[in-house]
Asker: 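To start, I am sharing the structure in question, which I have written as structure tokens.
All heavy atoms count here, side chains included; hydrogens, waters and symmetry mates do not.
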Amino acid sequence: MKKRKVNRELTEELVALLKYDPEGSKVQYVWDGKTTGFCVRLYPSGKKSYVVGYRARPNTRMKFAVIGKVGQMKVRPARDEAARILANNEDPIQEKQDQVAQDASNALAALRNPSMSKLIEDYFSY
């Protein structure tokens, strides 16, 4: 039986009532009727997260970036964050990957080219 997609405005009360359907797909989404791309992701473990769905470029697969966990964040701030991401055409997943790569590059550069103070500190720590 095909389930009908119903878009309702997500509220604190509605999100609290949401439950994972074991007969449904592995990961389930309940979309917000107010902000396109904003939803709650339901996991088999019972965990729930606020998520924004977007396309980094036209005609590409949809990406889902977690905004926050239900219980640690309220609906309104999560919806506002999703709207901001969508309005600015941001790609939070790519930004996070770029930041991790930059941090790794900086750490590697610091190991390869230590400063004089770092060399002195390391020398006297032995």
Asker: Would a 4.5 Å heavy-atom cut-off, applied to side chains only, mark Val30 and Leu42 as touching?
Answerer: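 Yes, at least one pair of side-chain atoms sits under 4.5 Å.
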Asker: Could you go through the side-chain contact (heavy atoms from CB on, under 4.5 Å) check for Lys74 and Arg79 one step at a time?
Answerer: CA-CA 9 Å; Lys74 299 284 186 187; Arg79 182 183 290 120; over 6 Å; no
Asker: Measure from the side-chain N and O atoms of Asp32 to the backbone N and O of Leu10, and report whether any donor-acceptor pair falls under 3.5 Å.
Answerer: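 Present.
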Asker: Is there side-chain contact between Val70 and Val40, with heavy atoms separated by less than 4.5 Å?
Answerer: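 Counting from C-beta outward, Val70 and Val40 do come under 4.5 Å.
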Asker: Look up atom CD in Glu95 and atom CD1 in Ile85, then write down how far apart they are to the nearest 0.5 Å.
Answerer: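 Between Glu95 CD and Ile85 CD1, I get 8.0 Å after rounding to 0.5 Å.
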Asker: OH/Tyr54 to CG/Leu86 distance, rounded to the nearest 0.5 angstrom?
Answerer: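 Nearest 0.5 Å value for the OH-CG distance: 9.5 Å.
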Asker: Side-chain contact, heavy-atom cut-off 4.5 Å: Gln97 with Gln94?
Answerer: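 Side chain of Gln97 against side chain of Gln94, heavy atoms only: contact under 4.5 Å found.
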Asker: How many angstroms lie between atom CD of Gln99 and atom CG of Asn106, to the nearest 0.5 angstrom?
Answerer: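 Output value for this atom pair is 8.5 Å.
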Asker: Nearest 0.5 angstrom please: Gln28 CD to Lys48 NZ, how far?
Answerer: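 The CD atom of Gln28 sits 12.0 Å away from the NZ atom of Lys48.
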Asker: In Å and rounded to the nearest 0.5 Å, what is the OG to CZ distance from Ser105 to Arg112?
Answerer: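 Separation between the atoms: 8.0 Å.
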Asker: Identify whether the distance between the nearest side-chain nitrogen and carboxylate oxygen of Arg76 and Glu12 falls below 4.0 Å.
Answerer: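 Judged by the 4.0 Å cut-off on N to carboxylate O distance, Arg76 and Glu12 do not form a salt bridge.
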Asker: Are Tyr50 and Val66 side-chain neighbours, meaning at least one heavy-atom pair lies under 4.5 Å?
Answerer: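 Contact flag for Tyr50/Val66 side chains = no.
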Asker: With sequence neighbours excluded, tell me which residues meet side chain to side chain contact (heavy atoms under 4.5 Å, CB included) with Pro44.
Answerer: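 For Pro44, the residues satisfying side chain to side chain contact (heavy atoms under 4.5 Å, CB included) (neighbours in sequence not counted) are Tyr20.
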Asker: Is any side-chain heavy atom of Arg84 closer than 4.5 Å to one of Glu90?
Answerer: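 Counting from C-beta outward, Glu90 and Arg84 do come under 4.5 Å.
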Asker: For the residue pair Tyr29 and Phe64, does the interplanar ring angle fall in the parallel (under 30°), tilted (30 to 60°) or perpendicular (over 60°) class?
Answerer: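 Tyr29 vs Phe64 ring planes: parallel.
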Asker: Using a side-chain heavy atom cutoff under 4.5 Å and only I, L, V, M, F, W and Y, what cluster partners does Ile120 have?
Answerer: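 Same cluster as Ile120: Met116, Leu119, Tyr123, Phe124.
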Asker: Output yes when a side-chain donor or acceptor of Arg55 lies under 3.5 Å from a complementary backbone atom of Thr60, and no otherwise.
Answerer: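 It does hold such a pair.
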Asker: Is there a side-chain contact between Val52 and Glu81, using heavy atoms and a 4.5 Å cut-off?
Answerer: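 With C-beta onward as the side chain, the pair stays apart.
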Asker: May I have the step-by-step check of side chain to side chain donor-acceptor pair (under 3.5 Å) for Gln102 and Asp98, ending in yes or no?
Answerer: CA-CA 6 Å; Gln102 183 65 39; Asp98 292 346; over 6 Å; no
Asker: Measuring from Met73:CE to Ser49:OG, what's the distance to the nearest 0.5 Å?
Answerer: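 Spacing of CE (Met73) from OG (Ser49) equals 11.0 Å.
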Asker: For the residue pair Asp80 and Phe38, establish whether any side-chain heavy-atom pair is separated by less than 4.5 Å.
Answerer: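 No, every pair of side-chain atoms sits at 4.5 Å or beyond.
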Asker: Are Met62 and Val27 connected in the hydrophobic side-chain network, where two residues link if heavy atoms are under 4.5 Å apart?
Answerer: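 Both belong to a single hydrophobic cluster.
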Asker: Taking the basic N atoms (NZ, or NE/NH1/NH2) and the acidic carboxylate oxygens, is any pair closer than 4.0 Å for Asp122 and Lys118?
Answerer: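 Lys118 and Asp122: salt-bridged.
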